[in-house]
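The block underneath contains the structure these notes are about, expressed in structure tokens.
Numbers restart at 1 for each chain; the letters A, B, ... are given by sequence-line order, proteins then strands.
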Amino acid sequence: MLDFGREDFEVLLSETLNMEKYAKSKLDILGDKVLALAFFEPSTRTRLSFETAMLRLGGKVIGFSGTEATSMVKGENLADTIRMLDAYANAIVIRHSLEGTAKFAAEIAGSPVINAGDGSQNHPTQAMLDLYTIWREFKVIDGLSIGILGDLRYARVVNSLIQALSYYRIKLHLISPELLKPRQELIEFMKSRDMKYDWTDDPYNVINDLDVLYIVRIQRERFPDPMEYERVKGTYKVMPKLIERSKPSLIILHPLPRVDEVDFTVDSMPQAKYFKQAGLGVPLRMALLKLVLAGDKS
Amino acid sequence: MLDFGREDFEVLLSETLNMEKYAKSKLDILGDKVLALAFFEPSTRTRLSFETAMLRLGGKVIGFSGTEATSMVKGENLADTIRMLDAYANAIVIRHSLEGTAKFAAEIAGSPVINAGDGSQNHPTQAMLDLYTIWREFKVIDGLSIGILGDLRYARVVNSLIQALSYYRIKLHLISPELLKPRQELIEFMKSRDMKYDWTDDPYNVINDLDVLYIVRIQRERFPDPMEYERVKGTYKVMPKLIERSKPSLIILHPLPRVDEVDFTVDSMPQAKYFKQAGLGVPLRMALLKLVLAGDKS
Amino acid sequence: MLDFGREDFEVLLSETLNMEKYAKSKLDILGDKVLALAFFEPSTRTRLSFETAMLRLGGKVIGFSGTEATSMVKGENLADTIRMLDAYANAIVIRHSLEGTAKFAAEIAGSPVINAGDGSQNHPTQAMLDLYTIWREFKVIDGLSIGILGDLRYARVVNSLIQALSYYRIKLHLISPELLKPRQELIEFMKSRDMKYDWTDDPYNVINDLDVLYIVRIQRERFPDPMEYERVKGTYKVMPKLIERSKPSLIILHPLPRVDEVDFTVDSMPQAKYFKQAGLGVPLRMALLKLVLAGDKS
């Protein structure tokens, strides 16, 4: 995420707005390009939105999802697998459970590498999508009050989103159980960028101040004691009664998939923008692929 | 199946005949369309024929086969998965083990949804293919004598085929073990459409009257008592000696895959049309996709 | 492999050289063709290079990898599966663990069938790639001294490579543990073509004479006694100290994936050509697909 600067975001955001015109049809600008999708970890939304984006741009897609059907089962090392994809394709999109995999791949590959999520701390294209959705709704990001609710410690996207937001002057409300507070590195990062933020364990404390409520899943398995999970989970399931206390202009975002952290009755409230957000994943990735590939003739 | 009327069939049948010209080459009319294949249940024939049809029409294909690699494993509900595919693609083809899934998906999605088989009672595109193959061979459907042999109770396609045939004036011979007779709903449906039909447990009783013999697999697991299966299976395995008693003009159809319900020695008999039928799945689905997608610019 | 003659190789080699120009972009000559990939056995390199090659030629690709998601699980026989692919596609690429499967498929299918590896004795397109890489480096094949090191008994590609080389006048050094010497059939084949060859169990005996060192994996499971494997494996792991004794013009090839039969420190030596070789898999398969499909209008 930090490879991007504010100027890069401006370019990406306006390019994405432009791409919305083609997101349900096509724009043939990458007909001579092949994109390799290396998904070592299951994903539907991210994988299919990259695939749709590339195809709508006239490009081709190869790759694999899960390692079962790959040479990894024959004991091939990751570097050799990347070298192969690099030799075949014009760019590589990689998702891996291990942190740093995308960076490692980028050092090996001559072609551009896009991180589609690695480890528990990085999911930059999701953060770009979040940023775009906010910008699209408010026409601005500076000055907004943004709340991030849920697992601030292990949810892949939180770290990337906060890094993206660090390029803007926003007010940040962090909301999570004690156990799932952001890790020290993230705290220090926010300080280093002097981001204004506070933390609370109760969404009701800050809901009325929010322009954006960003929800991430809280996973049972994060709690050593299941009883503890049962105790907190009610507090963090977003219900209409919470949203009713917000500004009417609030927007609710969620990277999806959601399990039970957002009540279905919220879906029909005007503040619920998470399905719209998901749909914007295609134009966002079309813009990204254009910026990465349209120039190069490798 | 019942969303289609006789007029719709006429259009589909003649459009399919037209599409046969392109079924091994291409017709670029859907270049700006993406088709999402949501196969929650394994399938080769149906999945690959839809995929081939879309690609031959210049369209693009995304999707998944089996739920392993999807967000469903993260506990996402079906509605959210459909909303995502709806946001990315211009149409959705869905197969699911649960009856009613396609209807449910169609209510959620803004894009057209095509049922590629759900539950144990619906497989409309297969029935359309069956209807087309019959029409193509006889240039007519009204007045034919059609026998359906095998599992009339659980075989997905039987229900859809009889619904499709209900738009025509045909004579229907149902042939199955006592245990696998059609269910009451189907009987009532046939009555409501005054379809002429009879039932027998012995194909030899009706073979000489048939223009079409449609065979569906009988699955061992349907029999509480395996001995019972062993007892009947001989009767329902189609052998040359049965076909020799038929009119020379008889055609034998089968949705495939076949296991051992049709003896391999039958394959080379002139009446065997099931491989030809399978090949027609591509032009049939090309016609269907054209009718569903060529108009819309969504 | 033996369906090819020396003249066919000449055509293939020069067509591949020509295809290198398009291997990272495109050449739209197969827009009306669909290629079916029937991979009954896992593969990344072979599958993705065929897929990339077909897409770069403007063609379309369908198929499956692994049998889980196919009708085979419903008990369909291979012949019927091939008939289906033959009906849908313009050509079939098949990989199977059973020897002779590709030949069997070719007898059933009307469309061309390409063997992407079957049984333990055939992998012709890999051998073509090996031949091309050698020819590309030396501008000639006749007169070269070629060493093949590793599992000469079970490694699929060895048999195909030696068959391909039998059309040229080369000196062949076979290097393997006693246990993994070539089987009798291969010995007899070499005699029948009067190929000059010798065998040694120690690479150091012949390294200084080699122009090409071709390495194939030695698999632990081939050794009844694991101790025996531990004993020999050191000898057959290629290290810089072995390469330092070679001619400077030596090239090292490997079909990949490699596990630990080539030390990573060798990768950076100028003789190491196996990654380059892997990349050439795309133009080679583009050339092959053009030769097989560009003419036919089936």
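Using a distance-only test at 3.5 Å, with no hydrogens or angles considered, a donor-acceptor pair links the side chain of Tyr88(A) to the main chain of Arg45(C).
Under a cut-off of 6.0 angstrom, the local environment of NZ in Lys273(C) is crowded, with over 12 non-hydrogen atoms contributed by other residues, nucleotides or ligands.
By a heavy-atom distance cut of under 4.5 Å, Lys60(A), Val61(A), Ile62(A), Gly63(A) are the residues of residues 53-63 of chain A near chain C, going up by number.
In this structure, the separation between CG on Leu85(A) and OG1 on Thr44(C) is 8.5 Å, given to the nearest 0.5 Å.
Arg220(C) pairs by the salt bridge (charged side-chain N to carboxylate O under 4.0 Å, His left out) definition with Glu230(C), not counting sequence neighbours.
A pairwise comparison of heavy atoms in Arg258(C) and Asp80(A) identifies NE-OD2, 2.6 Å as the closest pair. The minimum heavy-atom distance between Lys26(C) and Gly31(A), with the atom names listed, is CD-O, 3.5 Å. Across all non-hydrogen atoms, the minimal contact from Ala87(A) to Gly279(C) is CB-CA, 3.7 Å. Between Ala89(A) and Lys24(C) the shortest heavy-atom distance is O-NZ, 2.7 Å.
Heavy atoms of Tyr22(C) lying under 4.5 Å from chain A are absent altogether.
Counting heavy-atom pairs closer than 4.5 Å to chain A, the top-ranked of the candidates Leu256(C), Leu48(C), Val282(C) is Leu48(C).
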